[in-house]
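This report concerns only the one structure given below.
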Amino acid sequence: MLLEVKNLNKTYRSGKVHFQALHDVTVSIDKGEFTAIAGPSGSGKTTLLNCIGTIDSADSGQLLLDGIDLIGKTSDQLAKLRKEYFGFIFQTYNLIPVLTVYENIEMPLKLLRQDGADVLGKKVMTMLEKVGLRGLAKRRPLELSGGQQQRVSIARALVKKPKMVLADEPTANLDSKTGEDIVGLMQDLNKNEGVTFVFFNP
């Protein structure tokens, strides 16, 4: 089992107002799954994504990744696990505006420090080609449409071939043809590379 979530709880507090975003959530994800967690807006999907990806912390419960209990880990330990295990696709893109498209996609590879410049460059350009952005490598995010920014976000998540991709409505801002192509790319990585995909959809 790659991921086990057991009785996870998360409450947000603002003054006297308390909002329980997660209540005893339990879910298991096997290695190599291609699956979705669905629910209406406000049901806690993004909170769950953030807790699973160690971007946010739960109040109680268990969160096991490859048998490692993430609850109580230090921020440095979580950052290391996040870098090694996860790719993220956010609705809001979360691109770095001062970096080019190429540099945004390159960033996770540079953090891993596994490849020389030539190999790293080839991986970035291959991924740019796959998401249909090869001619836009030198542009910055604010020079792109919303759909193009989402494709950069998707390329950034997939370029390092993480063990698990957590995707918050990844094709919501794409036209139908591009959306189909991106899903096909994800399916190929799932089938041929064993990358686990978890989609958070309405």
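In this chain, residues are counted from 1 in sequence order.
Atom CD1 in I71 sits 7.5 Å away from atom OG in S57 (nearest 0.5 Å). The distance from the CG atom of L95 to the CD1 atom of I105 is 8.5 Å, given to the nearest 0.5 Å. Rounded to the nearest 0.5 angstrom, M127 CE and L109 CG are separated by 9.0 Å. The structure places CG of L49 at 9.0 Å from CZ of F86, a figure rounded to the nearest 0.5 Å. Note that CG of N50 is 9.5 Å distant from NZ of K10, once rounded to the nearest 0.5 Å. To the nearest 0.5 angstrom, Q150 atom CD is 7.0 Å from I89 atom CD1.
Under the 4.5 Å side-chain heavy-atom criterion for Ile, Leu, Val, Met, Phe, Trp and Tyr, F34 and Y85 are members of distinct hydrophobic clusters. Note on L22: it clusters hydrophobically with V27, by side-chain heavy-atom contacts below 4.5 Å among ILVMFWY residues. No chain of hydrophobic side-chain contacts below 4.5 Å, direct or via other Ile, Leu, Val, Met, Phe, Trp or Tyr residues, connects F199 to V183. In the hydrophobic clustering of this structure, L166 does not group with Y93; members are Ile, Leu, Val, Met, Phe, Trp, Tyr whose side-chain heavy atoms approach within less than 4.5 Å, directly or through other members. Clustering ILVMFWY residues whenever any of their side-chain heavy atoms sit less than 4.5 angstrom apart, transitively, puts V159 in the very cluster that holds L185.
When every heavy atom of A157 is checked against every heavy atom of F88, the shortest pair comes out as CB-O, 3.2 Å.
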Where do L70 and Q77 land on the side chain to side chain contact (heavy atoms under 4.5 Å, CB included) test, with the steps shown first?
-> CA-CA 9 Å; L70 302 184; Q77 289 171 326; over 6 Å; no

Assess whether side chain to side chain contact (heavy atoms under 4.5 Å, CB included) is satisfied between F197 and L189, documenting all intermediate values.
-> CA-CA 9 Å; F197 284 85; L189 282 173; 4.2 Å; yes

Start with the C-alpha gap between E4 and I29, add the side-chain angles, then the distance that decides, and say whether side chain to side chain contact (heavy atoms under 4.5 Å, CB included) holds.
-> CA-CA 7 Å; E4 292 182 85; I29 304 293; over 6 Å; no

Could you go step by step and tell me if Q149 and V152 meet the side chain to side chain contact (heavy atoms under 4.5 Å, CB included) rule?
-> CA-CA 5 Å; Q149 289 185 62; V152 177; 5.5 Å; no

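Residues forming a side chain to side chain contact (heavy atoms under 4.5 Å, CB included) with T11 (at least two apart in sequence, or on another chain): R13, H18, Q20, D59.
Between the side chains of T178 and D175, at least one donor N or O lies within less than 3.5 Å of an accepting N or O.
Residues L128 and M125 have side chains in contact (heavy-atom distance under 4.5 Å, counting atoms from C-beta outward).
Legend: side chain to side chain donor-acceptor pair (under 3.5 Å) pairs involving residues 24-41, not counting sequence neighbours, sorted by first then second residue: N9-D24.
A cation-pi arrangement is not found for K45 relative to F200, the charged atom failing to lie both closer than 6.0 Å to the ring centre and inside a 45° cone about the ring normal.
Between T46 and the choices D168, D56, T92, the side chain to side chain donor-acceptor pair (under 3.5 Å) rule is met once, by D168.
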